[in-house]
Number of protein chains: 2
Amino acid sequence: MNFSSKLLEQAVDEFGRLPGIGRKTALRLVLHLLKQSNTEVSRFTQSLNNLKENIKYCSTCFNISDEATCEICQSLKRDKLTICVVEDTRDVMAIENTNQYQGVYHVLGGLISPMDGIGPADLKIEGLIDRLRNGEISEVILALSATMEGDTTIFYLYRKLKEFNVQVSTIARGIAFGGELEYVDEITLGRSIATRVPYERNVG
Amino acid sequence: MNFSSKLLEQAVDEFGRLPGIGRKTALRLVLHLLKQSNTEVSRFTQSLNNLKENIKYCSTCFNISDEATCEICQSLKRDKLTICVVEDTRDVMAIENTNQYQGVYHVLGGLISPMDGIGPADLKIEGLIDRLRNGEISEVILALSATMEGDTTIFYLYRKLKEFNVQVSTIARGIAFGGELEYVDEITLGRSIATRVPYERNVG
């Protein structure tokens with residue numbers, strides 16, 4: 001790209017570093033912001049600076065929070081005996097949106113991925129062990145992605161957790177609701193037959 | 001979306017205002033930035049603030065520039081008698097990338113669009129008229145999009161420009177290079193037959 005301005009090029013470079021944003025999209029976004037008023041652009045940059053400077057992580061579950069303990073961990077309505085382990089805050093939001101879960105969470109902050117140089121020590125696994133050691137936890141639900149990294153992390157956590165007197169479960173895998181059989185991949189379909197459930201359980 | 005943090009929600013709101021960025025993408029981008037170091041985030045926001053505060057527009061052609069006159073208008077190699085009129089700086093970059101044009105530009109900063117409330121007075125049309133009045137311009141090339149707004153702007157400019165002793169041309173429309181006939185829309189195909197050119201001109 002032939003930029004007519006170094007300042008423009010720098011801003012486009014910065015936007016282009018974001019995941020999934022190519023150079024052309026970056027240019028479109030920067031030119032859009034350039035057309036906005038000074039107030040709007042400074043509100044944009046301020047919101048990011050504010051977030052970066054003032055964000056906290058819940059001291060119990062490590063979810064993103066504005067306070068030292070997040071709303072979910074503070075809530076008296078939540079079942080503190082059940083912990084759902086997730087990769088990041090997006091998964092907490094996704095599960096909260098289902099309105100199906102009343103327990104609390106534990107945010108690992110990633111998945112074990114030797115390819116990316118992320119080992120167990122880089123995740124909040126010690127914090128989870130501390131919670132099991134200090135409190136009476138009855139069940140740990142591992143709600144991690146059905147990928148190689150997710151499975152590796154589940155395997156590692158399962159070995160760590162079985163030392164404690166706690167039920168460890170993983171979320172169900174199978175064909176999605178609304179999914180048509182002919183479009184389901186063989187691995188999912190094969191596993192969903194092998195792990196079939198009695199009809200009474202599915203309607204219950 | 002159930003945000004666990006107001007700061008996070010504000011930053012996602014700001015990103016979600018950008019064109020083509022939905023809430024889910026905005027969240028992904030914000031969480032990516034949150035994982036970066038303080039230096040990287042402040043470099044990101046600084047590049048935008050710098051751009052917004054220090055950007056200039058060339059006093060001749062209104063292209064984005066770091067100085068009062070842009071590089072193209074300053075260059076002694078460019079043909080100052082030919083002006084190519086474009087919508088915005090992206091079009092200048094696209095035409096520069098072709099290496100086919102040696103003249104100078106005039107950036108309108110938009111197209112006439114009654115639907116969006118953009119009239120001729122909102123564009124840099126007076127500046128173009130001034131250039132024709134003050135200098136010896138031999139040709140004005142209207143390189144605008146082949147949309148309703150582009151055509152409206154071309155029609156308006158043509159009526160303004162014909163008062164001057166200047167050749168007004170528009171860029172060629174027709175089927176794109178590599179385009180297969182059966183996939184070309186009827187209007188383009190019909191017009192490309194009506195405006196056919198002698199074979200000698202196309203290879204010349």
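Proteins get letters first, then strands, A, B, ... in listed order; numbering begins at 1 in each.
- For B:L27, the part sitting under 4.5 Å from any heavy atom of chain A is the side chain, from C-beta outward, and nothing else.
- Remark: B:E14 engages A:R43 in a salt bridge, criterion side-chain N to carboxylate O under 4.0 Å.
- If you measure heavy-atom distances from A:I72 to chain B, you find no contacts under 4.5 Å at all.
- Heavy-atom distances place the side chain of A:T89, and not its backbone, under 4.5 Å from chain B.
- Judged by distance alone, the side chain of B:K52 and the main-chain N or O of A:Q36 form a donor-acceptor pair under 3.5 Å.
- Of the charged side-chain nitrogens involved, at least one lies within less than 4.0 Å of a carboxylate oxygen, so that B:E96 and B:R78 count as a salt-bridged pair.
- Contact annotation for B:L31: only side-chain heavy atoms (C-beta onward) come within less than 4.5 Å of a heavy atom of chain A.
- Listed for the A:D91 side chain is a donor-acceptor partner under 3.5 Å among the backbone atoms of A:D88.
- Both the backbone and the side chain of A:L8 come within less than 4.5 Å of a heavy atom in chain B.
- The existence of a salt bridge linking A:K124 and A:E87 is excluded, since no basic side-chain nitrogen approaches an acidic carboxylate oxygen closer than 4.0 Å.
- Of the residues considered (A:Q10, A:R17, A:E53), A:R17 shows the highest number of contacts with chain B, using heavy-atom pairs under 4.5 Å.
- Using a 4.5 Å cut-off between heavy atoms, A:Y105 does not touch chain B at all.
- Judged purely by atom type and a 3.5 angstrom limit, B:D116 has no side-chain atom pairing as donor or acceptor with the backbone of B:S113.
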